[in-house]
2 protein chains.
Amino acid sequence: MSTNTFSDTEHQILEAALLEFSTHGRQGARMQCIADRAGLNKALIHYYFRNKERLYEEVFRYVFQRYFRRLGETLRRDGDFPTVLRAFINRYLDLLNENPALPMFLLREVSEGAPVFSRRISEIVEISPDGMPYLLLQLFAKASSSGEIRHTDPFQALISIMGTCIYFFAGFPIFAALMPELQDRREELVEQRKEHIFELVYYGLKPRTE
Amino acid sequence: MSTNTFSDTEHQILEAALLEFSTHGRQGARMQCIADRAGLNKALIHYYFRNKERLYEEVFRYVFQRYFRRLGETLRRDGDFPTVLRAFINRYLDLLNENPALPMFLLREVSEGAPVFSRRISEIVEISPDGMPYLLLQLFAKASSSGEIRHTDPFQALISIMGTCIYFFAGFPIFAALMPELQDRREELVEQRKEHIFELVYYGLKPRTE
DNA sequence: ATACGGTTTAACCATATGGTTAATCTATTT
DNA sequence: AAATAGATTAACCATATGGTTAAACCGTAT
């Protein structure tokens, strides 16, 4: 059940399910819609994934295992604080830009009490000191204690950096509804955003001389 | 339908519905659960709000009208850039802390294509130059042109400040699942966060002399 | 050619759930 | 006290939807 080799058909189902789940939520998702999206018969989904709940779990794991792994990679490379920080931000924004539905998928799960995330957390994210969350905390903790940034709670910094990245994608539709002209500038704004976040976080945390 | 005077019963329904909708989403919400939560008969909900869709719309408007209005208030008061910035951050975090379910409610709606938000946008948020989004953009635009902060796209700043505030509440459960010790520090972290975000944004945007 | 295992499908079933209805209760007016 | 209108309830209905099943399809080995 935790194998990662999926057939073509399974992949089609997973991709369709990801879209359906992230736009309509676990309960709002319709098996028939997933089947239609994937161009397959509904019974096939049950054949491969038994039921909606297991499909959801499989999609969730399938997607976020990769997501957290790719995010963590950037933190394991050598480099000084600003270099690693920049790499993390760029990777994060690229990941989100490739699949803007992911944050909502995760946030939805979490707002429902994160039953699947909690139950299968060990498969999804490394909780060890070599996993993404801990490495990111470490990044700030080290820079903080070496004096490269001012004394900062690493947790606050973690929330800030992830929030500034995620909210661009999660909140974009809100502001696009208010200011339609943003829609066309989207790609440009993503690139601009990399620089903006880096400067905000780096210079926002740097010790002040005055 | 857009009156704001609700009877006790209606209020109970609205509050119960808000909880149910924000944890389970529009489709996942169950009319029976809302009735149970409110301690009322299910048919009463239909009596007052006709059907699920209209109930959802009413709750949505009821909640976010107030939310955006209270957020906008802080931007209409006099004061220099850091003062207004601080007031906005504090108000925002207090609002979210009072009702941590709100961001998810809004984000869910948005990820479903924001049909209700779009349709009733004019009742929910002032789109005029005196409304919250525009005032916040103005705040940064003015500070930017007066040289108080370095040249910055106001939209990027808007996303950053809202993202850092919201994500604390939206993402908190994720990190609380990974680091259980955070749960007890929540209130303390909210207060600490006000200062953290202010410093990050203010000093992150300030012109650099070096 | 045929038998067989894995895959795919149309048709079907059971049930959860949104919504209705008709009766009852309650308070206010006359 | 009778009447009226609004509020509330239990019982019910229709249907959407998750899930099942049995048959058909298809490639491959014998």
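Being a predicted model, the structure only gives us computed values, none of them experimental. Scope of the values below: all heavy atoms of this structure, side chains included, with no hydrogens, waters or symmetry mates. Protein chains get the first letters and strands the later ones, always in sequence-line order, with residue 1 at the start of each.
With A/K142 contributing its side chain and A/F81 its backbone, the two residues share no donor-acceptor pair below 3.5 Å. Not a single donor-acceptor pair under 3.5 Å links the side chain of A/Q27 to the backbone N or O of B/G25.
Residue A/A35 is classed as having no contact, given no heavy-atom separation below 4.0 Å to the nucleic acid.
To the nearest angstrom, C1' of D/dT15 lies 15 Å from CD of A/Q32. For the pair A/N41 CG and D/dG19 P, the computed distance is 15 Å after rounding to whole Å. If you take CZ of B/F49 and C1' of D/dA7, they are 14 Å apart, rounded to a whole angstrom. Distance CZ (A/R30) to P (D/dT15): 17 Å, rounded to an integer number of Å. Atoms CZ (A/R54) and P (D/dG19) sit 11 Å apart, rounded to a whole Å. Between A/Y47 atom OH and D/dC25 atom P the separation is 17 Å, expressed in whole Å. If you measure from atom CG of B/L44 to atom P of C/dT20, you get 14 Å, rounded to the nearest angstrom. Here C/dT7 presents its C1' atom at 17 Å from NZ of A/K42, a figure rounded to the nearest Å.
Residue B/R119 places its CZ atom among more than 12 non-hydrogen atoms of other residues, nucleotides or ligands, all under 6.0 Å distant.
In this structure, B/R193 forms no cation-pi arrangement with B/F168, as its terminal cationic atom is not both closer than 6.0 Å to the ring centre and no more than 45° off the ring axis.
The residue among B/T9 and B/Q27 whose nearest nucleotide of DNA chain D is located toward the 5' end is B/T9. Each of B/A43 and B/M31 has a nearest nucleotide on DNA chain C; the 5'-most of these lies closest to B/M31.
Among the nucleotides C/dT7, C/dT9, D/dT20, the one closest to any side-chain atom of A/Y48 is C/dT7.
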